[in-house]
Amino acid sequence: MNKDILIIGAGIAGIQASLDLAEMGFMVHLVEQLPSIGGKMAQLDKTFPTNDCAI
Amino acid sequence: MLDAGRHPNIDLMAYSEVESMEGESGAFEIRICRKARFVNEDQCTGCGTCAEKCPIQVSDSFNMGQGTRSAIYSWFAQGIPSTHTIDAKYCRQLNGKKCGICQKVCQADAIDFNQKDKIVNLTVGAVIVAAGYDIFDPSRIPEYRYRDQPNVITSMEFERLLSAGGPTAGHLNRPSDRTVIEEIAVLEKKAKKSEKMLGKYEEKYKMVSERFYRAFQSGEHGDEKDSVKWADKYKAYLEIKSKREALKTRAERFSTAKNLAFIQCVGSRDFRFYQFCSGYCCMHSIKEAIIAHEHEPETRSVIFGMDIRAVGKGFEEYKIRGGNHSNISYHRGRVAEIRGGPDNHPVVIYEDTISQTVKKEAFDMVILATACAPGKSLKKLASVLDAELDEFGFLKTNHLQPVDTTREGIFVCGCAQSPMDIPESVSQASSAASRAVQVLMTYRKVS
Ligand SMILES: Cc1cc2nc3c(=O)[nH]c(=O)nc-3n(C[C@H](O)[C@H](O)[C@H](O)COP(=O)(O)OP(=O)(O)OC[C@H]3O[C@@H](n4cnc5c(N)ncnc54)[C@H](O)[C@@H]3O)c2cc1C
Ligand code: SF4
Ligand code: SF4
């Protein structure tokens, strides 16, 4: 059984899924097409509903 | 974000794409292309010296085309991995011209013009697609004049303007005003160059240009070659100066945008484009209006929408707070048209559904809440993964198994599945992770 997993896209969704699986002990390969991870959320100033900083 | 970059169980491959996939659930064979950055990821310290010295400036896509970046760049300042990348499309050296400045100034010796794309082959038990969405292009709605009116912008452009790390350092300077300021800077540069040139004649003939020019005009200097040239140069200089002064006078009246209109459902709930509600846009417009008001307490915002959909924990309260404390008013109705107005103040034409009359009002800036468009990259991904797309172009799922795609062993979460906000994306991500674990733990090795 192969216990590696591939995650395509490193926006908030891909990052969350990666961290969950990595914490459970699985090996995660996280592929992102842009030079850095973060997706759209990295471009936001703050986020609703708490107005926390996005990065 | 930092945690994902550091976790020992996460093999982060940024600037990479999945090229092909074979096999089946439990043992997928994956081929990944790691695109050449022409910068060694492990050596680059992210100091930014290269970007400072690079002579090529291109439009900055992280800031949605507002402002510029160098051909060697970091996607954004705190980006992970914290490495720079050379944009092969624009780099002089990589296009056969002489340059290599970045290589000369890089103390870490990280630049490698010979780097090639690298293929990585992997076997994985399961796949999660989290490829997100695209911003709807509002120029598809000609009556909103997104491209024609400089002060009609998208919400994402507005987010970048609000950001301290954005192109205006968080000030709401209007795009039309910024263009004038940029023009003034260009004219300043030209004037300086002109002055230097005139200085050479002044030194040679021991005379200030102004006196020479008066004399030349009254015919004193005849048509000697130098005199004609000097006179032409001085005339051009005067033109630059008067243009600059006129723009400067105009710029004295500029102030930051304080009267804002937010237009909801741009591309969403619109049968010409997407029938669905994008879910997050009502809330992000309220948020943007609240932040604008925090930056400048004189700000007034009007949010135009068919209704405000504040569905989520604490959302309705957030909306009401915006109305009570951040000078936001909510206008019911769909905006029919946005026209140009005096001084680049866009005019919003709308039906007031309470008085049932057509009204118009001018604003400093108009912000379009664009739809969550299915990502263009999903089409190719779906064919590589042999998973189906739905009628709009998101990954197809079943209502009772919202994170399972049509292909066994492949899951989806976030806006690649359908429009959703961050809290929902995060909870879908955790459920996709847990579905994937079921595959990883229970399947016997195939083949
Ligand atoms: C203007 C605006 C403001 C918003 N404000 C808020 C807010 O305040 N609060 C809130 O909750 N939500 C907000 N949202 C919604 C929020 O952006 C989304 O909910 C969230 O970003 C979805 O995350 P995601 O990971 O699914 O997608 P994305 O953020 O789009 O991430 C997808 C990632 O996958 C990568 N990718 C795509 N295709 C491929 C491929 N083929 N191979 C490899 N990588 C790929 C992309 O480059 C990207 O990094 C806002 C949206 C907009 C437009
Ligand atoms: S490539 Fe070199 S100069 Fe550029 S950021 Fe990295 S270490 Fe600094
Ligand atoms: S070689 Fe390319 S990236 Fe480096 S400084 Fe010159 S143009 Fe910029």
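The structure presented is a predicted model; accordingly, all values stated were derived computationally and were not measured. First the proteins, then the strands, lettered A, B, ... as listed; each starts at 1.
Of the atoms belonging to B:F158, not a single heavy atom falls under 4.5 Å from chain A. Both the backbone and the side chain of B:L162 have a heavy atom closer than 4.5 Å to some heavy atom of chain A. The part of B:S61 that comes within reach of chain A is its backbone (N, CA, C, O), which places non-hydrogen atoms under 4.5 angstrom from that chain. For a residue to count as touching a neighbouring chain, one of its non-hydrogen atoms must lie under 4.5 Å from one of that chain's; by this rule B:A164 touches chain A with the backbone only. Only the side chain of B:M156 comes within less than 4.5 Å of a heavy atom of chain A; its backbone N, CA, C and O stay farther away. Heavy-atom distances place both the backbone and the side chain of B:A131 under 4.5 Å from chain A. Proximity to chain B (any heavy atom under 4.5 Å) is restricted, for A:I15, to the side chain, taken from C-beta onward. Proximity to chain A (any heavy atom under 4.5 Å) is restricted, for B:I32, to the side chain, taken from C-beta onward. Residue B:H7 touches chain A through its side chain alone, counting heavy-atom pairs closer than 4.5 Å. For B:L381, the part sitting under 4.5 Å from any heavy atom of chain A is the side chain, from C-beta outward, and nothing else. With a threshold of 4.5 angstrom between heavy atoms, B:E294 approaches chain A through side-chain atoms but not through N, CA, C or O.
The candidate from B:P8, B:S163, B:S74 with the greatest count of non-hydrogen atom pairs under 4.5 Å with chain A is B:S163. Comparing B:V129, B:L122, B:L385, B:V120 by how many heavy-atom pairs each has under 4.5 Å with chain A, the most go to B:L122. With chain A as the partner, the residue from B:E288, B:H84, B:R37, B:K313 showing the most heavy-atom pairs under 4.5 Å is B:R37. When A:I7, A:T50, A:I37, A:N51 are compared by the number of non-hydrogen pairs under 4.5 Å with chain B, A:I37 comes out ahead. No other option in A:Q16, A:H29, A:M27 has as many heavy-atom pairs under 4.5 Å with chain B as A:H29. The candidate with the highest count of non-hydrogen atom pairs below 4.5 Å against chain B, out of A:G14, A:G9, A:P49, A:G38, is A:P49. Taking B:T85, B:I286, B:V426 one by one and counting their heavy-atom pairs under 4.5 Å with chain A, the maximum is reached by B:V426. Comparing A:V28, A:L6, A:D4 by how many heavy-atom pairs each has under 4.5 Å with chain B, the most go to A:L6.
A distance of 3.5 Å separates OG in B:S430 from CG in A:D20, rounded to the nearest 0.5 Å. Atoms CD1 and CG, on B:I422 and A:L44 in that order, are 5.5 Å from each other to the nearest 0.5 Å. Rounding to the nearest 0.5 angstrom, the gap separating the CD1 atom in B:I10 from the CG atom in A:L30 is 6.5 Å.
In this structure, B:Y318 and A:F48 have tilted ring planes: the angle between them lies in the 30° to 60° band.
Remark: side-chain polar atoms of A:Q43 are not paired, donor with acceptor, to backbone N or O of B:R160 under 3.5 angstrom. Formation of a donor-acceptor pair under 3.5 Å by the A:K3 side chain with backbone atoms of B:L440 is not found in this model.
In this structure, A:K40 does not pair ionically with B:E159, as no charged nitrogen and carboxylate oxygen lie closer than 4.0 Å.
Taking both residues in full, the closest heavy atoms of B:P81 and A:P35 are given as CD-O, 3.8 Å, listed atom of the first, atom of the second, then distance. Nearest heavy atoms, A:A22 versus B:N9: O-ND2, 3.0 Å. Minimum interatomic distance between B:K35 and A:Q33 (heavy atoms only, all atoms of both residues): NZ-O, 3.3 Å. Minimum interatomic distance between A:A13 and B:A429 (heavy atoms only, all atoms of both residues): O-CB, 3.2 Å.
When the salt bridge (Lys or Arg N to Asp or Glu O under 4.0 Å) test is applied to B:D421, no partner is found at least two apart in sequence or on another chain. Every residue meeting the side-chain contact (heavy atoms from CB on, under 4.5 Å) condition with B:V437, not counting sequence neighbours, appears here in chain and number order: A:L21, A:M24, A:F26, B:M441.
In this structure, A:S36 and B:I80 have side chains that are not in contact, with every pair of non-hydrogen atoms separated by 4.5 Å or more. A heavy-atom distance below 4.5 Å is not found between the side chains of A:I8 and B:I128.
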Please list, one pair per line, the donor and acceptor atoms closer than 3.5 Å that link side chains of residues 409-418 of chain B to other protein atoms, with sequence neighbours excluded.
{"unit_1": "B:Q417", "atom_1": "OE1", "unit_2": "B:Q428", "atom_2": "NE2", "d": "3.4"}
{"unit_1": "B:Q417", "atom_1": "NE2", "unit_2": "B:T397", "atom_2": "OG1", "d": "3.0"}
{"unit_1": "B:Q417", "atom_1": "NE2", "unit_2": "B:P402", "atom_2": "O", "d": "3.0"}

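The stretch residues 11-18 of chain B places B:D11, B:L12, B:M13, B:A14, B:Y15, B:S16, B:E17, B:V18 near chain A, each with some heavy atom under 4.5 Å from a heavy atom of that chain.
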